[in-house]
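Worksheet: the structure to be examined is printed underneath.
Values below: every heavy atom of this structure, side chains too, minus hydrogens, waters and symmetry copies.
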Amino acid sequence: MTITLKYFGLLADITQLKEEQFTFDEETVLVSALKSKIESSYPKMQNTAYNIAVNQMIVDLQTKIKDQDLIAFLPPFAGG
């Protein structure tokens, strides 16, 4: 399974990436498992508040990710 990860704002600064491809051996993975893997790769994200969106919908940690999904890591937004 291959997914595309996108990072915005402060999270792009932490990862030094705007986008990357990520591959799992499993056919489906929970958002919580992806979050753990990303935070072990980028430890500074552990201390940062953010939401995760799958295919442009903000989701919870029990959401299943499937092949070719687009995952966005979104920092808090300020309105105005």
Side-chain angles (χ1 to χ4, degrees):
M1 168 174 81
T2 302
I3 56 176
T4 301
L5 308 180
K6 291 190 173 228
Y7 304 98
F8 294 89
L10 175 63
L11 303 175
D13 294 341
I14 290 170
T15 62
Q16 297 292 295
L17 297 168
K18 289 189 176 186
E19 182 175 311
E20 69 178 317
Q21 299 289 311
F22 212 81
T23 303
F24 285 96
D25 292 332
E26 301 88 356
E27 288 185 30
T28 59
V29 172
L30 293 179
V31 169
S32 59
L34 174 62
K35 184 176 190 257
S36 294
K37 285 188 183 273
I38 294 303
E39 288 183 355
S40 67
S41 295
Y42 306 107
K44 287 185 179 179
M45 286 182 68
Q46 294 174 9
N47 301 322
T48 305
Y50 61 91
N51 287 313
I52 298 174
V54 177
N55 300 324
Q56 300 181 352
M57 301 265 312
I58 292 179
V59 297
D60 64 28
L61 296 177
Q62 298 307 310
T63 300
K64 291 181 181 176
I65 299 169
K66 299 176 295 305
D67 189 41
Q68 301 301 311
D69 278 351
L70 174 64
I71 315 302
F73 290 84
L74 306 168
F77 293 102

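- In terms of heavy atoms, Pro76 sits closest to Ala49 at CD-O, 3.2 Å.
- Under the side-chain hydrogen bond (donor to acceptor under 3.5 Å, both in side chains) criterion, Thr63 pairs with Asp60, sequence neighbours left out.
- Atoms OG1 and CZ, on Thr15 and Phe8 in that order, are 11.0 Å from each other to the nearest 0.5 Å.
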Show every donor-acceptor pair shorter than 3.5 Å between a side-chain atom in residues 20-32 and any protein atom, with sequence neighbours excluded, or say none if there are none.
unit_1, atom_1, unit_2, atom_2, d
Glu20, OE2, Tyr7, OH, 2.5
Glu20, OE2, Tyr42, OH, 3.1
Gln21, NE2, Thr4, OG1, 3.0

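- Gln62 meets the side-chain hydrogen bond (donor to acceptor under 3.5 Å, both in side chains) test with no other residue; sequence neighbours excluded.
- Scored by the side-chain hydrogen bond (donor to acceptor under 3.5 Å, both in side chains) test, Lys6 finds Glu19 as partners (sequence neighbours excluded).
- Hydrophobic clustering, with ILVMFWY side chains joined whenever heavy atoms are under 4.5 angstrom apart, groups Leu61 together with Val59.
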I'd like a table of donor-acceptor pairs (distance under 3.5 Å, sequence neighbours excluded) in which one partner is a side-chain atom from residues 66-75, with atom names and distances.
unit_1, atom_1, unit_2, atom_2, d
Asp67, OD1, Thr2, N, 2.8
Asp69, OD1, Asn55, ND2, 2.9
Asp69, OD2, Lys66, N, 2.7

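- Leu34 is listed as a side-chain neighbour of Leu5, based on a closest heavy-atom distance under 4.5 Å.
- Evaluation of the side chain to side chain contact (heavy atoms under 4.5 Å, CB included) rule for Thr48 yields Leu10, Leu11, Ile14 as partners, not counting sequence neighbours.
- Counting only residues at least two apart or on different chains, the salt bridge (Lys or Arg N to Asp or Glu O under 4.0 Å) pairs with a member in residues 32-51 are Lys35-Glu39.
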